[in-house]
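Shown next, in structure tokens, is the structure this report addresses.
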Amino acid sequence: MPVRTAVIPAAGLGTRFLPATKAIPKEMLPLIDRPSIQYVVEEAAEAGIQRIVLVTSRGKSTMEDHFDLAPELEAALEAKSDTRSLELVRRPAQLAEIISVRQKRQLGLGHAVLTARQAVGREPFIVYLPDDIIRHPVSATHQMLSVFERYKASVVAVEDVPRERVSSYGVIQGEQVEERLWHVRGMVEKPAPDQAPSTLGIVGRYVLTPEVFDALEKVRPGAIGEIQLTDAIALLARSQPVYAYQFQGRRYDVGTPQGMLRASVEMALEREDMAPALVPWLKALARRLEG
Ligand code: UTP
């Protein structure tokens, strides 16, 4: 069965980006000129995903508004014949069908995914963590879906991370089956560097079979009282094959101010409408820093 549904858990508190996220959802902070969440929705839509289940929470309804029509704004832009702005305003609502579900209490990423169970139904789906923006000519979604199509099994995206940083990731244990691909035998959430089974850390793209929901029902809250998605996938791996795919591309974590800043500069440098003005300014800045 083809993957046609995505789940985007976006109900978290965004504490690493306070105070900006006190009243504004982290996912609505602009990365250059659009809310960061729009990039993952665009990545999904471009790969043929038709339905997006947004997991939201109290105070985050601006995300839903962003992917909705805005009749008054559109009418005002139409009256001014501002076709360029009109296109930008309409685009988010045209990307995919957006369904939103509320996570009433923030009981963790695994719990957020479980909240989407009814909306997803019994079919494979892809989970996006909207903090992880991945750039590559062949999108991470395309790469993951092609592994899923070949193996007909769950696939988690992994990155080779420096050993001293493994304690920020879920880390996989497994055997390599082909270039960039591992058969997962186990997973450890945030291990100490000397206890990590590998340096392959899980990042924000997961193609999952619907049986993961049964696993999510079974796992108990972990150390900080949250239901971890990693624990459920580790449980799933005991009853069916699960793979880890080392994606190609550059990943930015836009869930922190520093990551957002880096992503903004590097991604602006890829844009024809921004780079010409940015490059001389950055060069002058570099000279000032060196001098
Ligand atoms: P994070 O661990 O990044 O948490 O969640 P957070 O709240 O977004 O940010 P910080 O750490 O406080 O700064 C990973 C993903 O899981 C979602 C988040 O929205 C984010 O996309 N999440 C987390 C939920 O949807 N619900 C939860 O209960 C926890």
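These values consider heavy atoms only, across backbone and side chains, with no hydrogens, waters or symmetry-generated copies. Whatever order the structure lists ligands and atoms in, that order sets their numbers, starting from 1. Quick caveat, the model's predicted, so the values are computed rather than measured.
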message = I want to check something: taking the side chain as every heavy atom from C-beta on, are E123 and R4 in contact at a cut-off of under 4.5 Å?
response = yes

remark   = Here the gap from Q176 atom CD to E179 atom CD, rounded to the nearest 0.5 Å, amounts to 8.0 Å

Cluster check V41, V113: I/L/V/M/F/W/Y, side chain < 4.5 angstrom = no

query = Judging by distance only, is a nitrogen or oxygen of P130 under 3.5 angstrom from one on ligand 1?
reply = no

ask   = If you count the atoms of ligand 1 from 1 in the order shown, which ones are under 4.0 Å from a heavy atom of L107?
value = 28 (O)

ask   = Hey, are D231 and K218 close enough for a salt bridge, meaning a charged N less than 4.0 Å from a carboxylate O?
value = no

key: Heavy atom of protein closer than 4.0 angstrom to atom 19 (O) of ligand 1   = yes

message = So, 4.0 Å and heavy atoms of E226: is ligand 1 close enough to count as a contact?
response = no

query = Do you know the tightest heavy-atom contact between E27 and P35?
reply = O-CB, 3.6 Å

request  = Please tell me if the side chains of I49 and T5 come closer than 4.5 Å, counting only heavy atoms from C-beta onward.
outcome  = no

key: N or O contact, P9 vs ligand 1, cut-off under 3.5 Å   = yes

query = Considering only heavy atoms of E27, which atoms of ligand 1 have at least one such atom less than 4.0 Å away?
reply = 19 (O)

request  = Return the option from G110, A11, P25 holding the heavy atom at the smallest distance from atom 25 (O) of ligand 1.
outcome  = A11

task = Please tell me if the side chains of L31 and M267 come closer than 4.5 Å, counting only heavy atoms from C-beta onward.
result = yes

inquiry  = Within the 4.0 Å heavy-atom shell around L13, which atoms of ligand 1 are there?
reply    = 7 (O)

task = For L77 and S85, work out which heavy atoms get closest and say how close.
result = CD2-CB, 3.8 Å

key: Same apolar cluster (I L V M F W Y, side chains within < 4.5 Å links), I172/L181   = no

query = Quick one: does K26 get within less than 4.0 Å of ligand 1, heavy atoms only?
reply = yes

inquiry  = Quick check on the hydrophobic clustering: are M187 and L109 connected, directly or via other members, by side-chain heavy-atom contacts under 4.5 Å?
reply    = yes

ask   = Closer than 4.0 angstrom: is that true for some heavy atom of H111 and an atom of ligand 1?
value = no

query = Which residue supplies the protein heavy atom nearest to atom 1 (P) of ligand 1, what is that atom called, and how far is it?
reply = R16 NH2, 4.2 Å

task = Taking only Lys NZ, Arg NE, NH1 and NH2, and the carboxylate oxygens of Asp or Glu, determine whether K26 and D131 approach each other closer than 4.0 Å.
result = yes

ask   = Under 4.0 angstrom from atom 3 (O) of ligand 1, is there any protein heavy atom?
value = yes

query = Could a heavy atom of V55 be found less than 4.0 Å from some atom of ligand 1?
reply = no

query = Tell me, which protein residue and heavy-atom name are nearest atom 28 (O) of ligand 1, and how many Å apart are they?
reply = G108 N, 2.8 Å

task = Report, in ascending order of atom number, the atoms of ligand 1 lying under 4.0 Å from any heavy atom of Q106.
result = 28 (O)

key: Protein contact to atom 12 (O) of ligand 1 [nearest heavy atom, distance to 0.1 Å]   = T15 OG1, 2.5 Å

key: Near-ring test F125/F213, centroid separation under 6.0 angstrom   = yes

ask   = Which bit of A112 is near ligand 1, meaning a heavy atom under 4.0 Å away: side chain, backbone, both or neither?
value = side chain

key: Numbering as shown, the atoms of ligand 1 that approach D131 to under 4.0 Å (heavy-atom distance)   = 3 (O)

ask   = Is there any N or O on L109 that sits under 3.5 Å from an N or O of ligand 1?
value = no

key: Polar contact flag for Q103 and ligand 1 (N/O pairs, less than 3.5 Å)   = yes

request  = With atom 24 (C) of ligand 1 as the reference point, say which of G12, S57, G14 has the nearest heavy atom.
outcome  = G12

query = For F247, is the NZ or CZ atom of R180 found under 6.0 angstrom from the centre of its six-membered ring and inside 45 degrees of the ring axis?
reply = no

inquiry  = Please identify which of these residues, L145, V40, V158, meets the side-chain contact (heavy atoms from CB on, under 4.5 Å) condition with R205.
reply    = V40

ask   = So is G255 in contact with ligand 1, going by heavy-atom distances below 4.0 Å?
value = no

ask   = Considering only the protein, which heavy-atom contact is closest to atom 14 (C) of ligand 1, and what is its distance?
value = L129 CD1, 4.5 Å

